[in-house]
Amino acid sequence: MGPHPAVAAIRLAVRRVLHDILTDHGSTTDHGSATARGGLLVHGSATRHRSATGHGGDDDPTTPVPHEAPHPGPPATASPAPHRRPGPLVLVACSGGADSMALASALAFEAPKLGVRAGGITVDHGLQPGSDLRAAEVALRLRGLGLDPVESIAVTVGRDGGPEAAARDARYAALDAAAERHGAAAVLLGHTRDDQAETVLLGLARGSGIRSLSGMAEVSGAGGRYRRPFLHIDRQTARRACMVQSLPVWDDPHNADPAYTRSRLRHEGLPALEKALGKGVVEALARTAQLSRDDADALDAWARQAEEGVRDASGLLECAKLYALPPAVRRRILRRAAIEAGAPAGSLFARHIEEIDRLITGWRGQGAINLPGKVVAQRQGGRLVIRQG
């Protein structure tokens, strides 16, 4: 008898991502199975669907799988065994919630089968009383699953961009530092299909364009560091997997606090949409994210190819040539130019790009446009000049 369907689903999702990581490393063991060069960061690719064999009934989902014991050394007369490189280290970011605990358990189960080293990181944001004790407890649970190394990291959350954005920035900075410190090939994140749907709705509310509707990528970060195996799995499946494995989980009270935008959307907005439109809203939004990402990637590639043809010999953008481009392509070129001039990407919004675009499409002699990062855009002699002011 195989594992519970929810457990099987999360393990399969993790197994696929681990195969991708091993494939990206591009080396093999002497047994011909995939492995990787330890300590390297990988260039990610989207998760590829593969068939995979199931596991027999002897697999106990509640028991950590130990690393394979080394084989006895060869007899004195035998040739020395070939040197085997250590497998890559993959870390799981775990808050102690159902999604990340399910992810940690699946990683602990699947990694040893593929020769992958598995560790865990939990981040203490210090935003609630006793958060340090809770982080220590999560670290203990990760070690109990057989993960190694395991680290609890305390961070200081600033105020820039609001509490949710500040906490996210502090968390990713800590995860980046941990990945560098341990030489990890990848960091797994427990975002589910429900999280993806919420992200799409938040992007829609901001009116930030198709890239914002693309939601979270399956692979992101420097060198493809971050992997999200559960973007096609709903939140209830992850919670059910924890329940049937008797994994204790922690429900963050912030996730139910109406002071936070995502919490209101989760508990009020999405249920209202499902009541008005029927079931399937979450799946439709997640599908919209993937379609939007495909379109946005294609437009980004088009803009990169077109950019060289709209610059003069000195590298300045020519307004007449920009005008001839489709608006979606032209605005991407303008955004790239503003960022290259020093405008922070996170502070550059659609309204800024629209103002620059009017220098091309609605030119009436208007003055310079002030952008974030003390960057100025202005039209001079048929050329668009974007530079530090």
Side-chain angles (χ1 to χ4, degrees), residues 6-7 9-22 36 38 41-42 44 47 61-67 87-125 134-153 155 168 171-192 195 216 218-221 224-233 235 237-239 241-242 245 247-250 252:
V7 176
I10 64 171
R11 288 179 179 174
L12 178 59
V14 168
R15 193 183 318 149
R16 285 171 170 162
V17 168
L18 293 180
H19 274 297
D20 286 344
I21 294 169
L22 293 170
L41 295 179
V42 299
T47 300
T62 66
T63 304
V65 178
H67 291 281
L89 172 64
V90 175
L91 300 174
V92 57
C94 185
S95 67
D99 303 341
S100 58
M101 281 302 298
L103 182 58
S105 71
L107 176 63
F109 184 86
E110 294 293 339
K113 297 174 177 291
L114 298 174
V116 173
R117 294 176 292 135
I121 302 293
T122 186
V123 177
D124 172 19
H125 297 85
R134 193 171 299 111
E137 183 180 351
V138 172
L140 190 63
R141 291 175 187 170
L142 295 179
R143 293 188 183 97
L145 289 171
L147 301 183
D148 181 40
V150 169
E151 189 175 358
S152 173
I153 304 173
V155 298
R168 183 176 60 248
R171 179 168 60 254
Y172 277 99
L175 293 174
D176 280 334
E180 294 286 352
R181 187 164 54 252
H182 293 288
V187 178
L188 305 188
L189 304 174
H191 298 118
T192 64
D195 296 309
M216 295 174 285
E218 293 181 354
V219 180
S220 66
R225 171 175 290 161
Y226 293 107
R227 310 285 176 123
R228 297 177 174 86
F230 288 176
L231 286 184
H232 301 287
I233 293 177
R235 189 175 288 141
T237 296
R239 182 170 289 276
C242 290
Q245 295 178 101
L247 291 174
V249 299
W250 172 66
D252 187 347

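Just so we're clear, the structure is a prediction, and the values are computed from it rather than from any experiment.
For the side chain to side chain contact (heavy atoms under 4.5 Å, CB included) test, residues two or more places apart in sequence or in another chain that qualify with Asp252 are Gln128, Trp250, His254, Asn255. Judged as a side-chain hydrogen bond (donor to acceptor under 3.5 Å, both in side chains), and not counting sequence neighbours, the contacts of Arg181 are Glu151. Residues satisfying the side-chain hydrogen bond (donor to acceptor under 3.5 Å, both in side chains) test with Arg235, not counting sequence neighbours, are Asp195, Glu198. Asp124 pairs by the salt bridge (charged side-chain N to carboxylate O under 4.0 Å, His left out) definition with nothing, not counting sequence neighbours. Shown here are the side-chain hydrogen bond (donor to acceptor under 3.5 Å, both in side chains) partners of Thr237, two or more places apart in sequence or in another chain: Asp234. Scored by the side-chain hydrogen bond (donor to acceptor under 3.5 Å, both in side chains) test, Ser100 finds Ser95 as partners (sequence neighbours excluded).
One finds the CD1 atom of Ile21 at 10.0 Å from the CG atom of Leu89 (value rounded to the nearest 0.5 Å). Ser105 contributes atom OG, which lies 9.5 Å from atom CG of Leu147 (distance to the nearest 0.5 angstrom). To the nearest 0.5 Å, atoms OG1 (Thr192) and CG (Leu231) are separated by 8.0 Å.
Side-chain contact between Asp20 and Arg227 is present, with heavy atoms from C-beta onward closer than 4.5 Å. A heavy-atom distance below 4.5 Å is found between the side chains of Leu18 and Leu107. In this structure, Phe109 and Val7 have side chains that are not in contact, with every pair of non-hydrogen atoms separated by 4.5 Å or more. Two residues are said to be in side-chain contact when any heavy atoms from C-beta on lie closer than 4.5 Å; Ser152 and Val138 fail this criterion.
Between the side chains of Arg228 and Ser220, at least one donor N or O sits under 3.5 Å from an acceptor N or O.
Between the side chain of Gln245 and the backbone N or O of Ala241, at least one donor-acceptor pair lies under 3.5 Å.
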